[in-house]
K.L.:
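Dumping the structure here so I can ask a few things about it.
Only a predicted model underlies this, so the values are computations on that prediction, with no experimental measurement involved.
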Number of protein chains: 2
Amino acid sequence: MSLPHAILTSLLEKPCTGAELARRFDKSLGYFWPATHQQIYRELGKLEEAGLIAARGLATARGSQRHFDVQAAGRAELERWSLAAADPRPVRDALLVRLRAAAVLGTVDLGGEIRRHRQLHAQTLERYRAIEERDFPPGSALDTASGLRRAVLLAGIAFEESWLAWCAETLATG
Amino acid sequence: MSLPHAILTSLLEKPCTGAELARRFDKSLGYFWPATHQQIYRELGKLEEAGLIAARGLATARGSQRHFDVQAAGRAELERWSLAAADPRPVRDALLVRLRAAAVLGTVDLGGEIRRHRQLHAQTLERYRAIEERDFPPGSALDTASGLRRAVLLAGIAFEESWLAWCAETLATG
DNA sequence: ATATCCATGTAACGTGTTACATGATTGT
DNA sequence: ACAATCATGTAACACGTTACATGGATAT
């Protein structure tokens with residue numbers, strides 16, 4: 001149940017339309033909880049029906065923009081959810097399954113794929129580092145909110161570094 | 001499309017029944033691609049219908065055991081899939097969404113949850129390390145298959161260590 | 001025999017993905 | 001006016017989760 005709450009979070013940061021939300025997901029919250037515009041419209045519909053968000057102005061024809069605001073009930077729900085205990089979910093990574101498959105098949109070499117993944121993870125790491133330098137330059141003072149946003153980014157950086165190290169180690173050993 | 005291939009991999013390691021597969025997923029491949037017994041039975045049905053696996057003996061009454069073997073077509077499909085290029089999927093972690101929510105709400109302290117997650121990740125890391133010591137003791141010679149299985153385990157260890165470091169850092173800074 | 005557990009399933013629903021459709025807006 | 005693009009959706013399906021049901025095996 002994270003997507004509706006990710007949407008509430010993003011709308012609380014700044015009310016906007018569905019398409020604008022989808023764009024924001026492509027380069028911010030979506031790094032840690034990706035969503036397509038179809039998912040977003042579906043959830044916006046449910047959130048509106050539940051009274052957690054509301055569209056500004058009246059419902060107009062299909063295709064015209066609809067601006068959404070978070071209602072008090074939506075904010076309360078987001079508080080409730082973010083405080084509720086929830087365990088981490090296991091990783092679920094296809095490349096690791098493929099390595100196990102290669103181990104049992106014995107006829108498959110995944111070196112190329114590992115190199116390709118290393119490349120992709122390096123690119124993602126670069127993107128995260130650029131965001132860090134732009135939004136949290138060294139020496140800048142951080143309030144609580146910025147500190148939390150930075151912590152999220154640092155988690156992403158740590159994962160990508162972890163992947164990179166693993167790719168290098170695996171290529172060197174195997 | 002990883003679950004059917006994870007099942008093929010596991011059945012290729014050792015043919016067995018659905019329940020045995022579910023048990024194996026709980027403590028091996030399932031660390032990296034979890035699945036419930038309902039998912040597994042559903043996929044077994046599809047794989048059987050597609051002719052990629054076959055049940056030993058005749059179909060008997062409901063409730064009786066059914067032993068599955070991988071067919072040649074199943075092995076071919078697993079080779080094809082494991083060699084096909086597939087990009088890594090983004091992380092999708094609820095705790096990071098909750099941190100962003102806490103940043104915008106300003107009234108939520110997630111310190112307790114982060115400590116709890118640190119605890120859980122520490123336990124998982126312990127479990128992985130125990131498996132490493134049991135299956136790949138220092139000094140043991142590794143053939144290609146063992147090397148690949150060990151690489152998968154090392155990925156899990158690296159992620160858990162990464163999480164642990166992040167939790168510690170976040171608790172110290174925030 | 002009957003209570004208990006185990007293996008195999010069904011049902012319902014929520015979430016994620018892909019392909020496509022329709023009305024509005026913009027540029028020329 | 002027309003084409004291209006954008007915003008908003010619909011439809012269909014695959015995957016994941018939870019709750020429950022039924023037949024077989026086991027123990028007392």
K.L.:
For residues B:Arg100 and A:Leu29, report the shortest heavy-atom separation together with the two atoms involved.
P.N.:
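Closest approach of B:Arg100 to A:Leu29, heavy atoms only: CG-CD2, 4.1 Å.
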K.L.:
Using OP1 and OP2 only, check whether a side-chain N or O of B:Gln39 sits under 4.0 Å from D:dG16.
P.N.:
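For B:Gln39, the contact criterion (side-chain N or O under 4.0 Å from OP1 or OP2 of D:dG16) is met.
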K.L.:
Please list residues of residues 25-38 of chain B whose heavy atoms come under 4.0 Å from any atom in DNA chain C, ordered by number; otherwise none.
P.N.:
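B:His37, B:Gln38, in order of number.
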K.L.:
May I ask you to test the A:Leu44-A:Arg66 pair for a side-chain heavy-atom distance under 4.5 Å?
P.N.:
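Sidechains of A:Arg66 and A:Leu44: no contact.
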K.L.:
Within the distance-only criterion (no hydrogens, no angle test), does the side chain of A:Ser10 pair as donor or acceptor with the backbone N or O of A:Ala6 below 3.5 angstrom?
P.N.:
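Between the backbone of A:Ala6 and the side chain of A:Ser10 there is no qualifying donor-acceptor contact (under 3.5 Å).
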K.L.:
Answer yes or no: does a side-chain N or O of A:Lys46 lie under 4.0 Å from OP1 or OP2 of C:dG14?
P.N.:
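Negative; the distance criterion is not met.
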K.L.:
Tell me whether the OP1 or OP2 atom of D:dA7 has a side-chain N or O from A:Arg23 closer than 4.0 Å.
P.N.:
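Checking D:dA7 against A:Arg23, a side-chain N or O does come within under 4.0 Å of OP1 or OP2.
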K.L.:
Between A:Trp163 and A:His121, how do the two ring planes meet: parallel, tilted or perpendicular, split at 30° and 60°?
P.N.:
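Ring orientation, 0 to 90° scale: parallel.
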K.L.:
Rounded to the nearest Å, what distance is computed from the CD atom of residue A:Gln65 to the P atom of nucleotide D:dG9?
P.N.:
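Atom CD in A:Gln65 sits about 11 Å away from atom P in D:dG9.
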K.L.:
Enumerate the residues from residues 74-96 of chain A whose closest heavy atom to DNA chain C is under 4.0 Å, giving them by residue number; use none for an empty result.
P.N.:
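Heavy-atom cutoff 4.0 Å gives no residues at all.
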K.L.:
Linking I/L/V/M/F/W/Y whenever any side-chain heavy atoms sit under 4.5 Å apart, do B:Phe159 and A:Leu154 land together?
P.N.:
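Different clusters: B:Phe159 never reaches A:Leu154 through Ile, Leu, Val, Met, Phe, Trp or Tyr contacts under 4.5 Å.
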K.L.:
Do B:Phe32 and A:Ile114 belong together in a cluster built from hydrophobic side chains that touch within less than 4.5 Å?
P.N.:
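Both belong to a single hydrophobic cluster.
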K.L.:
State plainly whether the residues A:Glu113 and A:Arg116 are in salt-bridge range, i.e. N to O under 4.0 Å.
P.N.:
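Here A:Glu113 pairs with A:Arg116 in a salt bridge, since their nearest N and O are under 4.0 Å apart.
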K.L.:
Report yes if a side-chain nitrogen or oxygen of B:Tyr41 is closer than 4.0 Å to either non-bridging phosphate oxygen (OP1 or OP2) of C:dG9; otherwise report no.
P.N.:
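No, because none of the side-chain N or O atoms of B:Tyr41 sits under 4.0 Å from OP1 or OP2 of C:dG9.
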